[in-house]
Undergrad: 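Got a structure here, written out as structure tokens. Questions coming.
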Number of protein chains: 2
Amino acid sequence: MEKMSSAGSLCSFERRAGVRKVNAMSELPPLRDFPLFASLDEATLHRLTLDAKVETYADGDVIFRQGDAVAAIMLIVRGFVKLLRTAPCGDETLVSIRSDGASVNDAPTVTGEAFHVSAEAVGPTSILKLPAGRFARLMSESPALAAAALDDAKRKIAELIGEIESLKAQSADRRLARFILSLCPANTDSCRFRLPYDKRLVAAQLGVTQETLSRSFARLREFGVRTETRDVSVESVTRLCLQYDELARQGLPYPSGGRRSEDGRDAV
Amino acid sequence: MEKMSSAGSLCSFERRAGVRKVNAMSELPPLRDFPLFASLDEATLHRLTLDAKVETYADGDVIFRQGDAVAAIMLIVRGFVKLLRTAPCGDETLVSIRSDGASVNDAPTVTGEAFHVSAEAVGPTSILKLPAGRFARLMSESPALAAAALDDAKRKIAELIGEIESLKAQSADRRLARFILSLCPANTDSCRFRLPYDKRLVAAQLGVTQETLSRSFARLREFGVRTETRDVSVESVTRLCLQYDELARQGLPYPSGGRRSEDGRDAV
DNA sequence: CGCCGGGTTGATTTCAGTCAAGCAACGTGG
DNA sequence: CCACGTTGCTTGACTGAAATCAACCCGGCG
């Protein structure tokens, strides 16, 4: 299984980890754009805005480490962040990759707890930060904000559940197909686009090795998926969808289909 | 991968357990005992209590189905609940197993959304239910309750992240070792206990087949783990811990992507 | 140039799933 | 009471997917 480096990489982190914040207090983006805040009233939004600042990171910069105390709520303004989980023995597992608009924290944390993952920038990234303490206070005053935070957490839970489902039940090829489909724009049937990050990371995200990913891509070629390094083209999205369903049909074990029809209410 | 069949198991338990469909408004347990409510003030707690009712289920009973509208917040008073995710093609994946004190919902849901998993009782189980609407209202009035709900969600996120980590990075043997360790009481070094549910379910939880689980157990026998159907004995917990770490040392991979510095403003 | 880093490809191995058989424990019905 | 079918678990033989090991290619760049 894909583990993210670790050992060697750590020290190099340390060295470069001075996290130079090009604290380009750059243009604060409208908070309204973040799903987390989409449904807030103007007043609360305004108060939040006062507290916000933006920091930028270069590729590979550590944003925070597993175990650090949570000091701020962080939202991705631009770029990608990978969340890594470090086991005591030292090897790292990629847990999730977040992009624009998502929050970096596992959940908008209130209490002064510790992160249980590390976060690292993938490519140049800017992060909006809100001091955790003040955020907590605001939350206790604004039920709407609390509700929004809870919604945010729910979104993440849904995401993680999806992840688990696909890890437990789907082949590498299938996971890749799904991943590609998730990147295809909705309108056109044939499309071409660029992977948001390099294949190494895609592999880690899907929970396979680089080599396996490469071979999976090769197999999908037959279904109209071509790649050239980071560029992907899909001949027909609908066709790929079909093939995706096809791949599912592989592993239908016992014909029983888990029918427990003893009680009438059944079916889906 | 293990998909849950759940087909036949129902009836036998029904018989054995003597199925009490008793909606015995039975003794409402003190809400304070649930982590979710542990930190609430008396007043809120009292209001919650008024709304609460307890329902009991027999093994295999469906508590709710993926897609159902969320009508209540549910907490496990006694027993176990398994959460299943059903793919469109029909096969089910076990997402999580929850036990006493945990909430069944993915997150205390406010809006009238749908469950994205199904829940089924494992063994005789009683569930505390609070009408979702009223819970939501209370939450908007009591920041403490909102905070508690958020905490609950955070716990779940942490749990799911752990799950993902272990699925991505660990062998079946290792996952099993970890699972066993999690069941060992803290104080003694050698211990024996009974699995909370049958091996079939344990297998599903670990994301392997029944057969693989059995073989894993066989391999752990060498490390002082014995089983006899549902009873487990561990010769030495510390030893098992060591072996657990040993199993980790297997796979140390390559220097990960992560730190590069293609974009000029880098350094530090 | 030559040397990366990222990606591909091939050969080999290993882990875990599948199929199939078998066994002990239990309850049921003859 | 015993034969029987279940259920839960274990074993064995086989297969297949993906990891591992190892070249190798190619575009960029010092």
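Numbered from 1 within each chain, the chains take letters A, B, ... in sequence-line order.
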Undergrad: Of the candidate nucleotides D/dT10, C/dT18, D/dG8, which contains the atom at the shortest distance from the side chain of B/Lys199?
TA: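 Between D/dT10, C/dT18, D/dG8, the one nearest the side chain of B/Lys199 would be D/dT10.
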Undergrad: Closest to the A/Thr209 side chain: D/dA19, C/dT18, D/dG8?
TA: D/dA19
Undergrad: Please examine the side chains of B/Val232 and B/Leu183, heavy atoms only from C-beta on, and report whether any two atoms are closer than 4.5 Å.
TA: no
Undergrad: With respect to the side chain of B/Glu211, which nucleotide from C/dC19, D/dC9, C/dT9 is positioned closest?
TA: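 Nucleotide nearest to B/Glu211's side chain: C/dC19.
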Undergrad: Can you check the B/Asp59 CG to D/dT7 C1' distance for me, whole Å?
TA: 13 Å
Undergrad: Do B/Glu228 and D/dC9 share a donor-acceptor pair, side chain to base, under 3.5 Å?
TA: no
Undergrad: Which nucleotide in the set C/dT8, D/dT10, C/dT18 lies at the smallest distance from any side-chain heavy atom of B/Thr227?
TA: D/dT10
Undergrad: For A/Arg219 and C/dT8, what is the distance between atoms CZ and P respectively, to the nearest whole Å?
TA: 13 Å
Undergrad: Relative to B/Phe115, does B/Arg65 satisfy both conditions: NZ or CZ under 6.0 angstrom from the six-membered ring centre, and within 45 degrees of the ring's axis?
TA: no
Undergrad: Nearest whole Å is fine: how far is C/dA25 P from B/Asp231 CG?
TA: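 Rounding to the nearest Å, CG of B/Asp231 and P of C/dA25 are 13 Å apart.
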Undergrad: Between C1' on D/dC9 and CG on B/Leu220, what's the gap in Å once rounded to a whole number?
TA: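 So the two atoms are 16 Å apart, to the nearest Å.
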Undergrad: In terms of side-chain heavy atoms of B/Arg200, which of D/dA19, D/dG8, C/dT18 is nearest?
TA: D/dG8
Undergrad: Measure the distance from CZ on B/Phe217 to P on D/dT10 and round it to the nearest whole Å.
TA: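 Spelled out: CZ on B/Phe217 to P on D/dT10 is 7 Å.
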Undergrad: For A/Met74 and A/Ile127, which heavy atoms make the closest approach, and how far apart are they?
TA: CB-CG2, 3.6 Å
Undergrad: Can you tell me how far C1' of C/dG6 sits from CG of A/Leu201, to the nearest Å?
TA: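 For the pair A/Leu201 CG and C/dG6 C1', the rounded distance is 12 Å.
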Undergrad: Measure from the side chain of A/Val208, starting at C-beta and using heavy atoms only, and say which of D/dG8, D/dA19, C/dA20 lies closest.
TA: D/dA19
Undergrad: Picking from D/dT10, D/dA18, D/dC9, which would you name as closest to the side chain of A/Ala172?
TA: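 Within the option list, the nearest is D/dA18.
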Undergrad: Could you work out which one of C/dA16, D/dG8, D/dT11 sits closest to the side chain of B/Arg215?
TA: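 Selected nucleotide (nearest to the side chain): D/dT11.
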Undergrad: Tell me which nucleotide among D/dT11, D/dC9, D/dA18 gets nearest to the side chain of A/Thr212.
TA: D/dA18
Undergrad: How many Å lie between CG on A/Leu213 and C1' on C/dT9, as a whole number?
TA: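 In whole Å, C/dT9 C1' and A/Leu213 CG are 14 Å from each other.
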Undergrad: Cationic tip of A/Lys82 within the cone over A/Tyr197's six-membered ring, i.e. under 6.0 Å and within 45° of the normal?
TA: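 Judged by the rule (NZ or CZ under 6.0 Å from the ring centre, within 45° of its axis), A/Lys82 is not positioned above A/Tyr197.
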Undergrad: A/Leu167 CG to C/dA16 P: how many Å, rounded?
TA: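 The answer, rounded to whole Å, is 14 Å.
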Undergrad: Please answer whether the main-chain N or O of B/Phe223 pairs with a side-chain N or O of B/Gln243 as donor and acceptor at a distance below 3.5 Å.
TA: no
